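Only one structure is covered here, and it is reproduced in the block below.
Letters go in sequence order (proteins before strands), and every chain restarts at 1. All of these numbers come straight from a predicted model, not from anything done at the bench.
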Number of protein chains: 2
Amino acid sequence: MEISSRSDIAYQALRRAIIEQALAPGTKLREDEIGAHFGISRTLVRAALMRLSQEGLVEIKRKRTATVAIPSLDEAREIFEVRHCLEQQIVQRLTAHWRPEMGETLEAHVNEEEAAAQRGDTASASRLAGEFHIVLARLAGNALLARYLSEVVSRCSLILAVYGRPHVAECATAEHRNVIAALRARDAAASISIMNEHLHAVEARALPRPQEAEDVRISDILARYSTAG
Amino acid sequence: MEISSRSDIAYQALRRAIIEQALAPGTKLREDEIGAHFGISRTLVRAALMRLSQEGLVEIKRKRTATVAIPSLDEAREIFEVRHCLEQQIVQRLTAHWRPEMGETLEAHVNEEEAAAQRGDTASASRLAGEFHIVLARLAGNALLARYLSEVVSRCSLILAVYGRPHVAECATAEHRNVIAALRARDAAASISIMNEHLHAVEARALPRPQEAEDVRISDILARYSTAG
DNA sequence: ATCCTAAATCACGTATACATGAATGGGTCC
DNA sequence: GGACCCATTCATGTATACGTGATTTAGGAT
């Protein structure tokens, strides 16, 4: 049976391309072009784009070509705040209903992250780093929590693409192993604290420090380019 | 300028009808029928239905007429859990950034709830009771948090429709006033505790007690009907 | 060279057509 | 009388057509 409509194929492909930063924020997503690529009509492309738009990965404005979303700094901070809140709940659930095989699953995933990082596949490494949190969410056993977290983690990739320093690989495997260790100990307080630490590290890699952000002015940037450029 | 496409009109109307329980869970939503009512084509109706489906208010299955969603008990519990988590964050933000005029806004809203309840307009009263929490979320100043909460609160109306006792008006105005009072005192711990209490009360009205749910068996129900029916 | 304007092109918004898979009703057989 | 099967009807899945607003390009004036 044909499980997924061809609209889903376009949706999945676009989503992944955006998350892996193959499609940079701001990139135009023309319906015709995408439809031609997948061999589907604009009708189905629009459905995929609308879905991505609801998830905050694509921006759709009336009568304008859709683009990969460019989250503002304010949105970025909002996203991270919600993420903190959701991940805390997830960790709480995990320590409450921990089962040893969860540790195996997580361990296996981190190994994949490490492998991707070691072979220099930064796109996959970033994606897998994000997916680690989605695996956590699924294991926590609340589908809605997992859906929201998945959405929020995807948008963090966008934030990293816009505000993160270039070439900063996620390099989070060590931190992920710490999280697993804390969960295995089933110590809720410690797990939450370690997760919070990790999330702050992720946020620090993705966002400029607050005072930096406020200091940056267009004239400063232009000044840099007028002396040496 | 024509701000909202006509698809939005259908979306808004359907959403409100579902939330006010004018459209009961399980009701069929035929594209032709809806399109004819609003004077739009199926294309636009589909867009509205897809959006509602992503919010969990409508169920869409391939090649089947869309229906108003019927949340399962498991989903219902998941929804309430996420709601707890989000509302806690909202209350935390509110006590941190409290401004006196927020109290006025909230007070005015509760007055509306009360007015609707007193004139016997239970549909509006329920909707306004839910919207109280959405107003809180907006005042908290995190748009994403507000969006998720709005989605979750809408789905609570569905849960109430499916599992709540009939004719149970929400009657939450007193509890809402307690929340406002706690926020005004800017005591985060007390506010969170009062909000948790309120949410548990809401949940108790919407869901059967856990042991009840497990005890209910089809044979029990049939037994009732074979003696007296 | 720059800016403004007008025409042409492009991309989206929406309706509609046609194909296909579900639902329904009538008729037949046991 | 009830259950099964086929034909019909209905509702959705998808492509396409056409109108309109956005965008780009070419040309001319300053």
Side-chain angles (χ1 to χ4, degrees), chain A residues 1-15 17-18 22-70 218 222 225-226 229, chain B residues 1-15 17-18 22-70 158 222 226:
Chain A
M1 61 181 170
E2 189 188 358
I3 290 177
S4 60
S5 104
R6 288 167 303 165
S7 174
D8 276 349
I9 294 172
Y11 164 78
Q12 303 279 359
L14 286 169
R15 181 169 191 276
I18 292 171
L23 289 173
T27 305
K28 282 199 161 67
L29 304 169
R30 254 169 246 100
E31 295 172 359
D32 294 329
E33 201 176 334
I34 296 169
H37 181 268
F38 290 104
I40 59 181
S41 75
R42 282 177 49 218
T43 307
L44 299 186
V45 175
R46 281 176 74 77
L49 289 175
M50 282 170 41
R51 208 166 140 198
L52 290 164
S53 142
Q54 283 205 260
E55 293 175 9
L57 295 182
V58 159
E59 170 129 11
I60 293 182
K61 292 203 290 208
R62 194 182 165 71
K63 264 293 189 178
R64 289 218 165 54
T65 300
T67 59
V68 178
I70 305 178
I218 291 183
L222 293 178
Y225 283 84
S226 11
Chain B
M1 59 182 174
E2 188 188 355
I3 291 178
S4 60
S5 101
R6 288 166 303 165
S7 173
D8 277 349
I9 295 173
Y11 164 78
Q12 303 279 358
L14 286 169
R15 180 169 192 276
I18 292 171
L23 290 173
T27 305
K28 280 198 164 64
L29 303 170
R30 256 169 245 101
E31 296 173 359
D32 294 332
E33 201 175 336
I34 296 168
H37 181 269
F38 290 106
I40 60 182
S41 75
R42 280 176 50 218
T43 307
L44 299 186
V45 175
R46 280 175 76 78
L49 290 175
M50 281 171 42
R51 208 166 142 200
L52 290 164
S53 145
Q54 284 205 258
E55 294 175 10
L57 295 182
V58 159
E59 171 129 9
I60 294 182
K61 291 203 291 209
R62 197 183 161 71
K63 265 292 188 183
R64 290 221 163 56
T65 301
T67 59
V68 178
I70 306 178
L158 270 188
L222 293 178
S226 12

Between [atom2] of [N] and [atom1] of [X], the distance in whole Å:
X: B:Ile9; N: C:dT14; atom1: CD1; atom2: P; answer: 10 Å
X: B:Ile60; N: D:dT14; atom1: CD1; atom2: P; answer: 12 Å
X: A:Lys28; N: D:dT24; atom1: NZ; atom2: P; answer: 6 Å
X: B:Arg62; N: D:dG13; atom1: CZ; atom2: C1'; answer: 7 Å
X: B:Leu29; N: D:dA11; atom1: CG; atom2: P; answer: 13 Å
X: B:Asp32; N: D:dC10; atom1: CG; atom2: C1'; answer: 9 Å
X: B:Lys61; N: D:dA11; atom1: NZ; atom2: P; answer: 18 Å
X: B:Lys63; N: D:dC10; atom1: NZ; atom2: P; answer: 15 Å

If I take atom [atom1] from residue [X] and atom [atom2] from residue [Y], how far apart are they, to the nearest 0.5 angstrom?
X: B:Lys28; Y: B:Ile34; atom1: NZ; atom2: CD1; result: 13.0 Å
X: A:Leu23; Y: A:Leu57; atom1: CG; atom2: CG; result: 11.0 Å
X: A:Thr67; Y: A:Leu49; atom1: OG1; atom2: CG; result: 10.0 Å

Nucleotide nearest [X] (side chain, heavy atoms from C-beta), chosen from [options]:
X: A:Arg64; options: D:dT23, C:dT14, D:dT14; answer: D:dT23
X: A:Ile40; options: C:dC12, D:dA11, D:dA15; answer: D:dA15
X: B:Arg46; options: D:dG13, C:dC12, D:dT16; answer: D:dG13
X: A:Ser41; options: D:dA15, D:dT12, C:dA15; answer: D:dA15

Exercise. Confirm from the modelled atom types if A:Arg42 and C:dG13 form a donor-acceptor pair under 3.5 Å, side chain to base only.
Key: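 Between C:dG13 and A:Arg42, which were checked side chain against base, a qualifying N/O pair under 3.5 Å is present.
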Self-check item: Phosphate contact (C:dT14 OP1 or OP2) by B:Thr43 side-chain N/O below 4.0 Å
Solution: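 B:Thr43 to C:dT14 OP1/OP2: no side-chain N or O under 4.0 Å.
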Quiz item: Under 4.0 Å between a side-chain N or O of B:Thr65 and OP1 or OP2 of D:dT12?
Solution: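 Answer is yes, contact under 4.0 Å.
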Quiz item: Just wondering, do B:Val58 and B:Ile18 contact through their side chains at under 4.5 Å, heavy atoms?
Solution: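 Yes - at least one pair of side-chain heavy atoms lies under 4.5 Å apart.
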Exercise. Report the C-alpha distance between B:Arg15 and B:Glu55 in whole Å, list the side-chain angles of each, state the deciding distance to 0.1 Å, and finish with yes or no for salt bridge (charged side-chain N to carboxylate O under 4.0 Å, His left out).
Key: CA-CA 10 Å; B:Arg15 180 169 192 276; B:Glu55 294 175 10; 3.8 Å; yes
